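All remarks here apply to the structure that follows.
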Amino acid sequence: MIALVLPSRERHESWTEAIREFDGATLHGFSTFGFEGDDLSDPQVFERWLAKERRQRTEAIGGFVPATVWWIVDDRSPDVVLGSLHLRHELNAALLDDGGHIGYGVRPTARGRGVATAALQLGLEQARSHGIDRVLLICDSTNEASRRIILAAGGELEDIRGGSERYWIGLSE
């Protein structure tokens, strides 16, 4: 079963392995802003990143809104980070235009087996617990897999802007 866990030292190596699998592609949902992927394998750099992420859960830091990042794991191999999900607790003008409430990414070797679908459902539950009643998700128009995941979660297309599709998911019970 897929679960979201907070970042930890114990899974640090697996997380950096997941980052390397992207081979320089954009790390949606990994919240590595201000850090280089290769540098994050250094324990001291990781500790700075981890401290920033802990503060970011309750504070707006460096122009970013409060947000929480989780690592995606499977209970069959809970030490292996399959991906990451980033929930922004609110939207500013930039996120409303391009970013949305939730970003997620699954390492290439874990794709195609429902990991992102399950993680997004868990992310929507987290959004609800933060008092968010409508979630904005944005994906590239060329990303068919992400589109299917968003639609399966109840996403309703608002519009397409500059090659990005914007979907809203209502969370009222």
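Here the structure is a predicted model, which is why all the values come from computation and not from measurement. All values below were derived from every heavy atom in this structure, side-chain atoms included, with hydrogens, water molecules and symmetry-related copies excluded.
Counting heavy-atom neighbours within 6.0 Å of Asp159 CG, excluding the residue itself, gives a total above 12. When the shell of 6.0 Å around CD of Glu47 is examined, it contains more than 12 heavy atoms from other residues, nucleotides or ligands.
The side-chain heavy atoms of Phe46 and Arg9, taken from C-beta on, include a pair separated by under 4.5 Å. Within the 4.5 Å cutoff, the side chain of Ile102 has heavy atoms near those of the Val135 side chain. With a 4.5 Å cut-off on side-chain heavy atoms, Ser31 and Gln56 do not count as touching. Using a 4.5 Å heavy-atom threshold, the side chains of Glu59 and Pro66 count as separate. Side-chain contact between Glu165 and Glu158 is absent, with no heavy-atom pair separated by less than 4.5 Å. Considering only heavy atoms from C-beta on, Leu87 stays 4.5 Å or farther from Val69 through its side chain. Considering only heavy atoms from C-beta on, Trp70 stays 4.5 Å or farther from Ser84 through its side chain. Counting heavy atoms from C-beta on, the side chains of Thr16 and His12 come closer than 4.5 Å.
Shown here for Tyr167 and Gly155, the closest heavy-atom pair between the two residues is CD2-C, 4.0 Å. The shortest heavy-atom contact between Ala110 and Leu82 is CB-CD2, 3.9 Å. The two residues Ala127 and Leu171 come nearest to each other via the heavy atoms CB-CD1, 3.8 Å. Nearest heavy atom pair, residue Ile72 against residue Gly105, reads CD1-O, 4.1 Å.
The distance from atom OG of Ser146 to atom CG of Asp140, rounded to the nearest 0.5 Å, is 8.5 Å. Taking CG of Asp23 as the reference point, atom CZ of Arg20 lies at 11.5 Å (rounded to 0.5 Å). One finds the NE2 atom of His101 at 9.5 Å from the CZ atom of Arg88 (value rounded to the nearest 0.5 Å). Between the CZ atom of Arg57 and the NZ atom of Lys52 there is a distance of 11.0 Å, given to the nearest 0.5 Å. One distance of note links CG of Asp39 with CZ of Arg48; it measures 8.5 Å at 0.5 Å rounding. Once rounded to the nearest 0.5 Å, the distance linking CD1 of Ile149 with CG of Leu120 reads 7.5 Å.
Residues passing the side chain to side chain donor-acceptor pair (under 3.5 Å) test with Gln44: none are found, sequence neighbours excluded. Every residue meeting the ring pair (Phe, Tyr, Trp, His ring centres under 6.0 Å) condition with Phe64, not counting sequence neighbours, appears here in chain and number order: Phe33.
Formation of a donor-acceptor pair under 3.5 Å by the Ser141 side chain with backbone atoms of Gly163 is found in this model. A donor-acceptor pair under 3.5 Å is absent between the side-chain atoms of Arg107 and the main chain of Gly83, judged by distance alone. Listed for the Ser14 side chain is no donor-acceptor partner under 3.5 Å among the backbone atoms of Arg11.
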Audit row: Leu50, Arg54, side-chain contact (heavy atoms from CB on, under 4.5 Å) steps and yes/no: CA-CA 6 Å; Leu50 192 58; Arg54 287 181 180 138; 3.4 Å; yes
Stepwise side-chain contact (heavy atoms from CB on, under 4.5 Å) check, Trp49 with Trp15: CA-CA 13 Å; Trp49 176 86; Trp15 180 66; 3.8 Å; yes
Worked check of side-chain contact (heavy atoms from CB on, under 4.5 Å) between Val80 and Val73: CA-CA 6 Å; Val80 177; Val73 298; over 6 Å; no
Verdict with supporting geometry, Leu137 and Ile169, side-chain contact (heavy atoms from CB on, under 4.5 Å): CA-CA 8 Å; Leu137 289 128; Ile169 299 176; 3.3 Å; yes
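Side-chain contact check for Thr68 and Gln126: no donor-acceptor pair (N or O, by modelled atom type) lies under 3.5 Å.
In summary, Arg161 and Asp97 engage in a salt bridge, as defined by a charged side-chain N under 4.0 Å from a carboxylate O. Between Arg148 and Glu144 there is a salt bridge, since a side-chain N of the basic residue sits under 4.0 Å from a carboxylate O of the acidic one.
Following chains of ILVMFWY side-chain contacts shorter than 4.5 Å, one cannot reach Leu122 starting from Met1, and the two form parts of different hydrophobic clusters. Residues Val45 and Ile61 are members of separate hydrophobic clusters, defined by side-chain heavy-atom contacts under 4.5 angstrom among Ile, Leu, Val, Met, Phe, Trp and Tyr.
The other residues sharing a hydrophobic cluster with Ile138 are Val65, Leu91, Leu95, Leu96, Leu136, Trp168, where clustering joins ILVMFWY side chains under 4.5 Å apart.
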